[in-house]
Number of protein chains: 2
Amino acid sequence: MVSEIDKEIIEILKKNARASFAEIGRKIALSPSSVRERVQKLEDLGVIKAYNIKLNHAMLGSGLEVFVMLKIFDGKLNYILSEITTYPEVQEVFRITGPYNIHMRVALRDQLHLQEFIDELIKYGSPCTYLILSELKKEEVL
Amino acid sequence: MVSEIDKEIIEILKKNARASFAEIGRKIALSPSSVRERVQKLEDLGVIKAYNIKLNHAMLGSGLEVFVMLKIFDGKLNYILSEITTYPEVQEVFRITGPYNIHMRVALRDQLHLQEFIDELIKYGSPCTYLILSELKKEEVL
DNA sequence: GGTGAAAAGTTCTACGC
DNA sequence: GCGTAGAACTTTTCACC
């Protein structure tokens, strides 16, 4: 269902999601229309779910990035699942196994903003916060 | 340094990183060349760090996605920092504060693959693993 | 599944405001 | 900063293999 050629295309898009079909085609010796057809199929199948950007939040006024895990109080799960994604500070949310039910990555202006955000969360669960110091870049494997 | 117009462009690219300059320009009433100029500037400044894709790892044969935190053993930090990004299973790595030093998202084939991965990690630190059940999609705020 | 060709659309560059 | 205009390139569609 996903061939080796598809995986090569995915590898190229992982490095640069804005690569043109023509550019991808040149790298893997395939015509632009064939590349387009394959990418379309990967999108339709749901293998490629979205095209994102990676931002420098510090430069956008949110210099404090944190992971927050949340142990939800009884009966608050459905409320949290629908509301948590609406906070502009929240970048990503996952349901996880273990002592915490929710894992999220959050971008905040400063300590005060973090405090306000935690004050919101503790209505619905017990949060546990880890400051993000830096992200390590994946090696170019070529 | 980053204007309101820049932020609008970023919001559009967040939803679809492959949006063309012309398409973005139509949405915010700006010519394609102006959009291009602004995006270029955001890339050069490092505000936009990369263009990524979000994949369905299950469809690519890695149905098991986990967060792993790692408490590094004395003297192993520099080794881990340089080596951990080379594992194909590792999708993202962050240095964090708190009882664990490293936070990563990992995609694996199955339980056995997870076990093998953990066996690798425990040479360098104490891991703590959380299974990812699902990702919650951010609401479209329009 | 793949190509190639033609029309439509986009990007890029240079220049003027 | 923005717009326009033209050349170069890319996307898209489609007929054909």
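To find a chain, count down the sequence lines: A is the first, B the second, and so on, and within it residues start at 1. Predicted, not measured: the structure shown is a model, and the values here were computed from it.
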Look at the side chain of [X] and decide which nucleotide, out of [options], has an atom nearest to it.
X        : options                  : answer
Ala22(B) : dT11(C), dT3(C), dT11(D) : dT11(C)
Ile5(B)  : dG2(C), dT3(C), dC2(D)   : dC2(D)
Leu30(B) : dC2(D), dT13(D), dC12(C) : dC2(D)
Ser31(B) : dT4(D), dT11(D), dT12(D) : dT4(D)

**Request:** Could you go through the side-chain contact (heavy atoms from CB on, under 4.5 Å) check for Arg95(B) and Glu135(A) one step at a time?
**Result:** CA-CA 6 Å; Arg95(B) 286 202 57 189; Glu135(A) 175 167 6; over 6 Å; no
Between [N] atom [atom2] and [X] atom [atom1], what is the distance in whole Å?
X        : N       : atom1 : atom2 : value
Glu43(B) : dC12(C) : CD    : P     : 10 Å
Arg36(A) : dA8(C)  : CZ    : P     : 16 Å
Gln40(B) : dG1(D)  : CD    : P     : 15 Å
Glu37(B) : dA14(C) : CD    : C1'   : 12 Å
Ile24(A) : dT12(D) : CD1   : P     : 12 Å
Met1(B)  : dG1(D)  : CE    : P     : 11 Å
Glu23(B) : dT11(C) : CD    : P     : 9 Å
Phe21(A) : dG9(C)  : CZ    : C1'   : 13 Å

**Message:** Less than 6.0 angstrom separating the ring centers of Tyr100(B) and Tyr130(A), yes or no?
**Reply:** no
**Pair Tyr124(B) and Phe73(B), ring centroids less than 6.0 Å apart** = no
**Message:** Does the Lys NZ or Arg CZ of Arg105(A) fall within the cation-pi geometry relative to Phe67(A) - under 6.0 Å from the ring centre and within 45° of the axis?
**Reply:**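 No, Arg105(A) does not lie over the aromatic ring of Phe67(A).
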**Prompt:** Mapping Arg38(A) and Arg18(A) to their closest nucleotides on DNA chain C, which lands nearer the 5' end?
**Reply:** Arg38(A)
**Request:** Test Leu70(A) against every option in Asn101(A), Ile96(A), Val93(A), Ile80(A) by the side chain to side chain contact (heavy atoms under 4.5 Å, CB included) rule and name the one that passes.
**Result:**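 Of all the options given, the one that passes is Ile80(A).
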**Message:** At less than 4.0 Å, is any side-chain N or O atom of Ser34(A) found next to OP1 or OP2 of dT3(C)? Yes or no.
**Reply:** yes
**Donor-acceptor pair present, Ser33(A) side chain and dT11(D) base, under 3.5 Å** =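 Under the 3.5 Å cut-off, the side chain and the base do not form any donor-acceptor pair.
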